[in-house]
Amino acid sequence: MHYRTLGKTGYEISAVGFGAWAIGGDWGSVTDDEAMAALSAAVDRGVTFYDTADVYGNGRSEQLIARLRRERPEFRMIVASKAGRRLNPHTADGYTPESLEAFVDRSRVFLEMETLDLVQLHCPPTDVYYRPELFAALDELVARGKVRHYGVSVERVEEALKAIEYPGVATVQIVFNMLRQRPAELFLEQALARNVGVIARVPLASGLLTGKMSADSEFGADDHRQYNRRGEAFDVGETFSGLPFDVGLEAMEDLRPLVPEGSTPAQLALAWILSHDAISTVIPGGKNPDQVADNATAVDLIPLPDETMEKVAEVYNAHARPHVHHRW
Ligand SMILES: NC(=O)c1ccc[n+]([C@@H]2O[C@H](COP(=O)([O-])OP(=O)(O)OC[C@H]3O[C@@H](n4cnc5c(N)ncnc54)[C@H](OP(=O)(O)O)[C@@H]3O)[C@@H](O)[C@H]2O)c1
């Protein structure tokens, strides 16, 4: 494993982290035993950064991570959770100092942590970024010891650029992968200049970039790759990175020849992201030990050769750009 600094937090974290959404819910059935096996495999591979949220399985994901911390007490890991999506309706006005503190308190109970390592606003409505009083409220939670650091998880590049104007924002989580390249145009250099940690989410485009899917792939009714293809439940950019499934499959076929011999498409996808210096960590979701091992080994490919980076840019321009570049 390689380790990088997570921006202003100063945490040294693994370049490949663990995305704990799928072990919470929304991705078909994952039993507790399967989830714990995936998490244990991550620990064994030196993965020290775990990304979760209060809403993943309504707290189940946080509770599984708490169990991991209990079962592996010798292992020092950093846990990032998120707050805001429990609001119903999910509106900017719902974000108040009181609601944020209540969400943080719930995560402290579920994660069994007196002080949260990192809490991220969970893709709030854009207007939230224009309410400095909410960022002051987060500063206050830090001062009172409930949270050590805070950051934001954003949908759009413009939200990220606005968020990093607040000095307390230590990290930004954003969709960044071979099929979603716009963050590399301006945001990454700005984040680096301000020492803001960047957490790259949806790195495998919901599994599309593992090369295992085809037009015949089927997903259960409880899997967002079935029920959110048109953004019916949440931002469509979170499902297959916002690409129509058939377009994503075509792009994957053009990327396949770029996979180095002896490596996997997933490793290429993760190494492409980590070849950008501003990225602190990638957080692929993992449902079993094999996936976790495959993903962790991606660090062996960093940095990818310039020629590969150029060819990936060509594939992006040909397939993905017309669908995603103007949207996120
Ligand atoms: N709004 C937000 O803040 C937000 C939104 C989305 C995600 N996230 C965070 O980002 C993390 C990662 O994003 P994601 O989970 O949406 O998408 P992802 O990492 O692009 O895809 C994860 C899925 O791909 C499959 N997979 C993973 N590794 C594999 C491998 N080596 N070989 C084959 N298949 C593999 C697994 O599903 P199958 O085996 O079922 O195919 C897994 O659940 C999440 O877990 C979450 O922590 C945050």
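These values consider heavy atoms only, across backbone and side chains, with no hydrogens, waters or symmetry-generated copies. Only a predicted model underlies this, so the values are computations on that prediction, with no experimental measurement involved. Ligands are counted one by one from 1 in listed order, and the atoms in each one are counted from 1 as well.
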K.L.:
Would you say Ala205 and ligand 1 have an N/O pair spaced under 3.5 Å apart?
P.N.:
yes
K.L.:
Would you mind telling me if ligand 1 is within reach of the side chain of Glu238, the backbone, both or neither, using heavy atoms under 4.0 Å?
P.N.:
side chain
K.L.:
Is Arg327 salt-bridged to Glu155, cutoff N-O under 4.0 Å?
P.N.:
no
K.L.:
Say whether Phe18 and ligand 1 are in contact under the criterion: heavy-atom distance to a ligand atom below 4.0 Å.
P.N.:
no
K.L.:
Suppose we call two aromatic rings close when their centres sit under 6.0 Å apart. Are Trp272 and Phe176 close by that rule?
P.N.:
yes
K.L.:
Purely on distance, is any nitrogen or oxygen of Val202 under 3.5 Å from one on ligand 1?
P.N.:
yes
K.L.:
Would you mind running through ligand 1 and noting each atom that sits below 4.0 Å from a heavy atom of Pro284?
P.N.:
19 (O)
K.L.:
With a 4.0 Å cut-off, would you call Arg70 and Glu112 a salt bridge?
P.N.:
yes
K.L.:
Using 30° and 60° as the class boundaries, would you call the ring planes of Trp21 and Tyr56 parallel, tilted or perpendicular?
P.N.:
parallel
K.L.:
Does Gln173 approach ligand 1 within less than 4.0 angstrom via side chain, backbone, both or neither, non-hydrogen atoms only?
P.N.:
side chain
K.L.:
Should you measure from each heavy atom of Cys123, which atoms of ligand 1 turn up under 4.0 Å away?
P.N.:
1 (N)
K.L.:
Give the atoms of ligand 1, by number and element, whose distance to some non-hydrogen atom of Ala20 is under 4.0 Å.
P.N.:
45 (O), 47 (O)
K.L.:
Under 6.0 Å between ring centres, would you say that holds for His122 and Phe103?
P.N.:
no
K.L.:
Which ligand 1 atoms, with their elements, are less than 4.0 angstrom from a heavy-atom of His122?
P.N.:
1 (N), 2 (C), 3 (O)
K.L.:
If the threshold is 4.0 Å, N to carboxylate O, is there a salt bridge linking Lys311 and Asp254?
P.N.:
no
K.L.:
Going by the atom numbers of ligand 1, which of them fall below 4.0 Å from some non-hydrogen atom of Asp294?
P.N.:
30 (C), 31 (N), 32 (N)
K.L.:
Which bit of Pro203 is near ligand 1, meaning a heavy atom under 4.0 Å away: side chain, backbone, both or neither?
P.N.:
both
K.L.:
Return the orientation label for the Phe240 and Phe245 ring planes: parallel under 30°, perpendicular over 60°, tilted otherwise.
P.N.:
tilted
K.L.:
State whether Arg85 and Asp54 are salt-bridged, where the test is any N-O pair (Lys NZ or Arg NE/NH1/NH2 against Asp/Glu carboxylate O) under 4.0 Å.
P.N.:
no
K.L.:
Is the shortest heavy-atom distance from the side chain of Met252 to the side chain of His319 under 4.5 Å?
P.N.:
no
K.L.:
Side chain, backbone, both or neither: which part of Ser206 has a heavy atom under 4.0 Å from ligand 1?
P.N.:
backbone
K.L.:
Would you call Asp294 and Arg45 a salt bridge, taking side-chain N to carboxylate O under 4.0 Å as the test?
P.N.:
no
K.L.:
Is Glu74 paired with Arg72 through a side-chain N to carboxylate O contact shorter than 4.0 Å?
P.N.:
yes
K.L.:
With a heavy-atom distance limit of 4.0 Å, tell me whether Glu155 approaches ligand 1 through its side chain, its backbone, both, or neither.
P.N.:
neither
K.L.:
Quick one: does ligand 1 sit under 4.0 Å from the side chain of His224, the backbone, both or neither, non-hydrogen atoms only?
P.N.:
neither
K.L.:
Mind checking whether Asp51 contacts ligand 1 via backbone (N, CA, C, O), side chain (CB onward), both or neither, at a 4.0 Å heavy-atom cut-off?
P.N.:
both
K.L.:
Any heavy atom of Arg85 sitting closer than 4.0 Å to ligand 1?
P.N.:
no
K.L.:
Would you mind telling me if ligand 1 is within reach of the side chain of Ile283, the backbone, both or neither, using heavy atoms under 4.0 Å?
P.N.:
both
K.L.:
If you measure every N or O of Gly19 against every N or O of ligand 1, does any of those distances drop under 3.5 Å?
P.N.:
yes
